[in-house]
Colleague: 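The structure is given below, and queries will be raised subsequently.
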2 protein chains.
Amino acid sequence: MPPQGRRRRPTQVDIARHAGVSQATVSLVISGGAASDQIAESTRQAVLAAAAELGYSANVAARSLKGGRNHLLGLYTFEPVFPTDQRDFYYPFLLGVEEETAAQGYDLLLFSSVSSAADRSIYAGGANRLKLADGCVLLGRNVRREELNALVQEDFPFVFIGRREVDDGEVSYVGADYVAATSAMVAELHRQGHRRILYLRAIEDTEPTRDREQGYRKGLAAAGLEVDERLIQGLADPADLSAEHVLHWIGNYGVTAILVEPTEDNRLVDALTAMTDSERVRFPEDCSIALLGEPPSWTPELRDWTRFSLPRADMGRAAVGMLVGLLGEAQPAARQLTIPCTFVPGDSIGPAPRGGRP
Amino acid sequence: MPPQGRRRRPTQVDIARHAGVSQATVSLVISGGAASDQIAESTRQAVLAAAAELGYSANVAARSLKGGRNHLLGLYTFEPVFPTDQRDFYYPFLLGVEEETAAQGYDLLLFSSVSSAADRSIYAGGANRLKLADGCVLLGRNVRREELNALVQEDFPFVFIGRREVDDGEVSYVGADYVAATSAMVAELHRQGHRRILYLRAIEDTEPTRDREQGYRKGLAAAGLEVDERLIQGLADPADLSAEHVLHWIGNYGVTAILVEPTEDNRLVDALTAMTDSERVRFPEDCSIALLGEPPSWTPELRDWTRFSLPRADMGRAAVGMLVGLLGEAQPAARQLTIPCTFVPGDSIGPAPRGGRP
DNA sequence: ATCTCCACTTCATACGTATTAGGGATCGTG
DNA sequence: CACGATCCCTAATACGTATGAAGTGGAGAT
């Protein structure tokens, strides 16, 4: 006996019975594809009427099990986006993804059910949850490498927002051109007379960090400057950045400018603001400083730090466009797209101080 | 011949063959449920080893096909949320919905694939798209009544954010208490000496508007004031609100205070700002003014209008909680929940001018 | 009248998993 | 030795859809 509490949702079989045809006919009418013009108009109408009357809607699971498309794109983030202050950073990506998904005629499936950080796994419960969607956009800094590898091995169609690499195989991505942007930032500082430029990088060795370092070295080379490895400093937590640090670098290394890699949250900006407020070191009079990226949100009362900004919504849109492209191909090959960043002049860099160490 | 381009992912059958057991045994081991302690330890290990070696991951589609539920909650908005400036209004709802959805262990399906306003129908394509999800949260002001009716008839589980009524049957909703909030606003104005209070309502006769009007009448009654029907004015577009209007009301009707129903976009605030800038009428010196709700986003440089604000994220969370509750019931009955609004004092109301008409 | 052809519809099956009823050993017991 | 009991496993089936093959009936041709 079927459960009588919640009425079972109607299936194609129900419609078929109701309209006096076979389930196969219903399928042909509903999915409306190539073979559907084989159906007589009267039959088609009868089926549609029955479907409307019974309130039919296709079962996604069955459809995608069969191998067909269900017109869902997934969005999966490796970090929790919504509850934290990171959301200000990720929201523009989401916007772009959402917008383009709608424009392409897909619906968006937000993978978010995680009870704890440990559960934040694509393969939670032994299953690749992403497979519910036709393809997936991935996002986030703290990638689980083994999962990314597995995804590539399964060759599930996905596009990463941000450049990513895996050991074997290639990842499709839409990335920001950190190399060029960082290099340009070095060039600008060099133009203003700086010769001792410190690069403050994240500890983790992720692609975005590697790209910035590469841009730093490239920029120095282009300017004809030597790389002093002591000027590449790792910082576990940008909140640790203090006036003491900066004064030490100025005094001991002759540093006149600092490039800082920001985080997706507000820690870096908070640290900078604290430093400014302490008035122990002035930017850019004592030292120029520029951000290799853009903190989450920019409110007008915040200081206009020199930086470059990512076209986040554009990247989201481009990722969806690429994904839909991949889905259309029989033998999809990985694609890569790099989008330039925008230089934001700001007011935290200036000419190198004259009194610097020679 | 299997397609060699996209390699087929291993299934339980593959593992079974590999481990020399049956598919059923694999399923028992993998899903690990109640009956899995029936399996000999040696067999279990063999299966797990084979699964690991082949890189098995369960197929969600098949799993949820078998089970009926797919652990998806839908979010459908009757207005386009993302590309417009309305998004600032709807975003907090989305936040709450997303957060609670994740907390409840569901994924969120955003229905957004609409190419035109005409397509913005639940029943586009003759099928109820919402049914892709186990249940759905609905949102938006411009509801399609006939669709809402149909949804209720189908008894598809859904919760509306905002109070809604249908002709027959009951809608589950999480609404804001506009009646109490508006009534309280009237009381506050009365306390400050106002006797001639104009209510500027939306033209459309939706529940939120009706509730505000009810609160207005209730507030007047509680203050012992008569209702002058001329003081209830409809405004098709809040952008039409001008200094001329206000001066006319002050001069001809003796109005000393105005209550305005805001829109989800920035039109009302723009109109108010324009009026303030024109300096033809001053708030609150010439006339007090308060908003019956809250415009999309509040940036610090914006004037601090007196208003009340909706606990939008809370409403989103509550809606999801209610929906999950409904899904858990065998015979779900409609539920209603009303959440109080917060009074924001602001600076646009003050004591009634003395020189007003008696 | 028989055959062909065409337009339309149905049959049969596959997709991958969960589950229930039961089958085949092995063991203990009478 | 026969019989049930126990343990471990498998066969069979259902879930809802899509699709290539096969079938049906009627119109037209021979």
Side-chain angles (χ1 to χ4, degrees), chain A residues 1-3 8-47 50-51 54-72 125-129 131-132 134 154, chain B residues 1-3 6 8-47 51 54-71 127 131-132 134:
Chain A
M1 190 171 70
R8 195 175 57 86
R9 39 185 289 179
T11 71
Q12 292 187 351
V13 174
D14 299 319
I15 299 182
R17 235 190 317 261
H18 207 257
V21 296
S22 74
Q23 175 269 327
T25 304
V26 174
S27 174
L28 287 176
V29 172
I30 298 290
S31 50
S36 84
D37 45 2
Q38 304 262 357
I39 304 292
E41 188 55 26
S42 59
T43 308
R44 158 193 242 81
Q45 291 306 332
V47 169
L54 297 182
Y56 170 81
S57 78
N59 180 322
V60 216
R63 199 171 255 183
S64 78
L65 172 60
K66 188 62 181 95
R69 297 284 166 79
N70 53 23
H71 266 238
L72 298 185
N128 177 349
R129 305 162 55 208
K131 291 257 172 162
L132 207 45
D134 293 343
E154 291 188 23
Chain B
M1 189 171 73
R6 193 174 284 292
R8 197 177 58 88
R9 42 183 290 182
T11 72
Q12 291 187 351
V13 174
D14 299 321
I15 299 183
R17 235 192 316 262
H18 208 256
V21 296
S22 74
Q23 175 269 326
T25 304
V26 175
S27 174
L28 286 176
V29 171
I30 298 288
S31 52
S36 84
D37 46 1
Q38 302 267 356
I39 304 292
E41 189 54 28
S42 59
T43 310
R44 152 190 247 85
Q45 291 305 332
V47 168
L54 296 183
Y56 171 80
S57 70
N59 181 322
V60 200
R63 204 171 249 185
S64 78
L65 173 58
K66 184 66 182 139
R69 296 283 173 83
N70 52 22
H71 259 57
K131 294 205 176 173
L132 297 189
D134 292 342

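Letters A, B, ... are given to chains in the order of the sequence lines, protein chains preceding strands, and every chain is numbered from 1.
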Colleague: Rounded off to whole Å, could you give me the CD1-to-C1' distance for the B:Ile39 and C:dT20 pair?
Modeller: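 Atom CD1 in B:Ile39 sits about 14 Å away from atom C1' in C:dT20.
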Colleague: Given Watson-Crick or G-U pairs with both distances under 3.5 Å, what dot-bracket string fits DNA chain C, with | for other-strand pairs and [ ] for crossing?
Modeller: ||||||||||||||||||||||||||||||
Colleague: Atom OG1 in B:Thr11, atom CG in B:Asn59: separation rounded to 0.5 Å?
Modeller: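 That separation rounds to 9.5 Å.
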Colleague: Flag the pair A:Ile30 / A:Tyr56 as yes when at least one side-chain heavy-atom distance between them is below 4.5 Å, and no otherwise.
Modeller: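 Touching, per the 4.5 Å side-chain cut-off.
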Colleague: Which residues in residues 14-22 of chain B have a heavy atom closer than 4.0 Å to any atom of DNA chain D?
Modeller: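 Here the set is B:Val21, B:Ser22.
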Colleague: Which residues pass the side-chain contact (heavy atoms from CB on, under 4.5 Å) test with A:Ala24, not counting sequence neighbours?
Modeller: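 Applying side-chain contact (heavy atoms from CB on, under 4.5 Å) to A:Ala24 gives A:Ser22.
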Colleague: Out of curiosity, A:Asp134 CG to A:Arg63 CZ, how far, rounded to the nearest 0.5 Å?
Modeller: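 It comes to 10.5 Å.
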Colleague: In this structure, how many angstroms lie between the P atom of D:dT17 and the NE2 atom of A:His71, rounded?
Modeller: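 Checked: the NE2 to P distance equals 17 Å.
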Colleague: Looking at B:Gln23 and B:Ala16, what are the two nearest heavy atoms and their distance?
Modeller: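 In terms of heavy atoms, the two residues are closest at N-CB, 3.6 Å.
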Colleague: How many Å lie between CD on A:Gln38 and C1' on C:dT10, as a whole number?
Modeller: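 It works out to 13 Å between those atoms.
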Colleague: Tell me the closest heavy-atom pair linking A:Gly55 and A:Pro10, and the distance in Å.
Modeller: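 Shortest heavy-atom contact: O-CG, 3.7 Å.
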Colleague: Under 3.5 Å, which N/O atoms of the protein pair with N/O atoms of nucleotides 15-19 of chain C?
Modeller:
| residue | atom | partner | partner atom | Å |
| --- | --- | --- | --- | --- |
| C:dT17 | OP1 | B:Tyr56 | OH | 2.4 |
| C:dT17 | OP1 | B:Asn59 | N | 3.3 |
| C:dT17 | OP2 | B:Gln12 | N | 2.7 |
| C:dA18 | OP1 | B:Arg63 | NE | 2.7 |
| C:dA18 | OP1 | B:Arg63 | NH2 | 3.4 |
| C:dA18 | OP2 | B:Gln12 | NE2 | 3.2 |
| C:dA18 | OP2 | B:Ser27 | OG | 3.0 |
| C:dA18 | N7 | B:Gln23 | NE2 | 3.3 |
| C:dA18 | N6 | B:Gln23 | OE1 | 3.1 |

Colleague: According to side-chain contact (heavy atoms from CB on, under 4.5 Å), who are the partners of B:Ala46, at least two apart in sequence or on a separate chain?
Modeller: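 So B:Ala46 forms no side-chain contact (heavy atoms from CB on, under 4.5 Å) with any residue.
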Colleague: Excluding sequence neighbours, so at least two apart, what forms ring-ring contact (aromatic ring centres under 6.0 Å, His included) with A:His18?
Modeller: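 Once residues adjacent in sequence are excluded, A:His18 has no partner under the ring-ring contact (aromatic ring centres under 6.0 Å, His included) criterion.
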Colleague: Can you tell me how far the CG atom of A:Leu28 sits from the CD1 atom of A:Ile39, to the nearest 0.5 Å?
Modeller: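 Rounded to the nearest 0.5 Å, the CG-CD1 separation comes out at 4.5 Å.
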Colleague: Taking side chain to side chain donor-acceptor pair (under 3.5 Å) as the test, write out the residues that go with A:Ser64, two or more places apart.
Modeller: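 In terms of side chain to side chain donor-acceptor pair (under 3.5 Å), with neighbours along the sequence ignored, A:Ser64 is linked to no residue.
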Colleague: To the nearest 0.5 Å, how far apart are CD in A:Gln38 and OG1 in A:Thr43?
Modeller: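 Between A:Gln38 CD and A:Thr43 OG1, I get 12.5 Å after rounding to 0.5 Å.
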Colleague: Using the salt bridge (Lys or Arg N to Asp or Glu O under 4.0 Å) rule, collect all pairs that involve residues 14-31 of chain A, keeping only residues at least two apart or in two chains.
Modeller: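 As it turns out, the salt bridge (Lys or Arg N to Asp or Glu O under 4.0 Å) pairs with a partner in residues 14-31 of chain A, which skip direct neighbours, are A:Arg8-A:Asp14, A:Asp14-A:Arg17.
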Colleague: Can you tabulate the close N/O pairs, meaning under 3.5 Å, that link protein atoms to atoms of nucleotides 24-28 of chain D?
Modeller:
none

